[in-house]
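Take a look at the structure below.
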Amino acid sequence: QKKRLLGKAETRVKVSSVTIDHLTLTVIENDNEFTVHLKNISLGSFGNENGLANNQLGGELLKQLIYKLMVIEKLRNELS
């Protein structure tokens with residue numbers, strides 16, 4: 001979908017699914033470093049019905065990934 005903004009075409013994208021097969025996360029907290037290996041992370045879809053501008057994709061992907069990692073960490077802490 002393209003939208004005209006001040007005479008320039010703006011490409012908009014809606015992402016239907018993002019899956020990360022393997023992610024290695026190194027966390028440093030209180031001078032302690034630990035590594036977490038995660039597999040098959042599904043971020044689902046993002047971008048509303050109008051989609052996202054192409055320059056928003058990286059930030060939105062990062063936001064979704066950080067949110068998902070926070071949920072995983074919270075669940076791990078509750079199980080500990």
Side-chain angles (χ1 to χ4, degrees):
Q1 178 182 0
K2 291 199 175 197
K3 178 184 171 186
R4 292 262 173 210
L5 181 65
L6 299 175
K8 294 183 181 179
E10 183 181 281
T11 303
R12 299 189 72 79
V13 178
K14 181 175 181 185
V15 177
S16 60
S17 177
V18 174
T19 302
I20 300 171
D21 293 329
H22 183 82
L23 176 68
T24 301
L25 179 67
T26 301
V27 179
I28 301 171
E29 184 177 342
N30 298 327
D31 292 331
N32 295 319
E33 180 178 315
F34 59 95
T35 302
V36 179
H37 299 280
L38 303 167
K39 293 183 179 181
N40 298 322
I41 299 171
S42 178
L43 301 180
S45 64
F46 51 90
N48 59 20
E49 58 277 348
N50 296 323
L52 296 169
N54 57 2
N55 64 348
Q56 294 176 303
L57 284 176
E60 188 63 29
L61 180 61
L62 187 57
K63 184 175 94 174
Q64 293 289 333
L65 181 58
I66 290 171
Y67 175 76
K68 186 73 164 194
L69 293 172
M70 288 170 56
V71 169
I72 291 170
E73 184 64 22
K74 182 178 179 186
L75 288 173
R76 284 183 188 214
N77 287 338
E78 288 176 359
L79 294 174
S80 302

Sorted by first residue and then second, give each ring pair (Phe, Tyr, Trp, His ring centres under 6.0 Å) pair with at least one member in residues 49-80; sequence neighbours left out.
none
Evaluate side-chain contact (heavy atoms from CB on, under 4.5 Å) for Asn32 paired with Val27, printing each intermediate quantity in order.
CA-CA 8 Å; Asn32 295 319; Val27 179; over 6 Å; no
State, with a plain yes or no, whether a side-chain heavy atom of Lys68 is found less than 4.5 Å away from one of Ile41.
yes
Do any side-chain atoms of residues 13-26 form donor-acceptor pairs under 3.5 angstrom with protein atoms, and if so which ones, sequence neighbours left out?
unit_1: His22; atom_1: NE2; unit_2: Thr24; atom_2: OG1; d: 3.3
unit_1: Thr24; atom_1: OG1; unit_2: His37; atom_2: ND1; d: 3.2

Contacts of type side-chain contact (heavy atoms from CB on, under 4.5 Å), residue Leu79, not counting sequence neighbours
none
Taking Asn50's backbone N and O only, do any of them form a donor-acceptor pair with Arg12's side chain (distance below 3.5 Å, no angle check)?
yes
Under 3.5 Å, is there a donor-acceptor pair between the side chain of Gln56 and the main chain of Ala53?
yes
Any ion pair linking Glu73 and Arg76 (charged N to carboxylate O, less than 4.0 Å)?
no
Separation between CG (Leu61) and CG (Leu52), nearest 0.5 Å, reads 10.5 Å
Here the gap from Leu62 atom CG to Leu57 atom CG, rounded to the nearest 0.5 Å, amounts to 12.5 Å
State, yes or no, whether a side-chain contact exists between Ile28 and Phe34 at a heavy-atom distance under 4.5 Å.
no
Would you compute the distance between atom CD of Glu60 and atom CG of Leu43 and round it to the nearest 0.5 angstrom?
10.0 Å
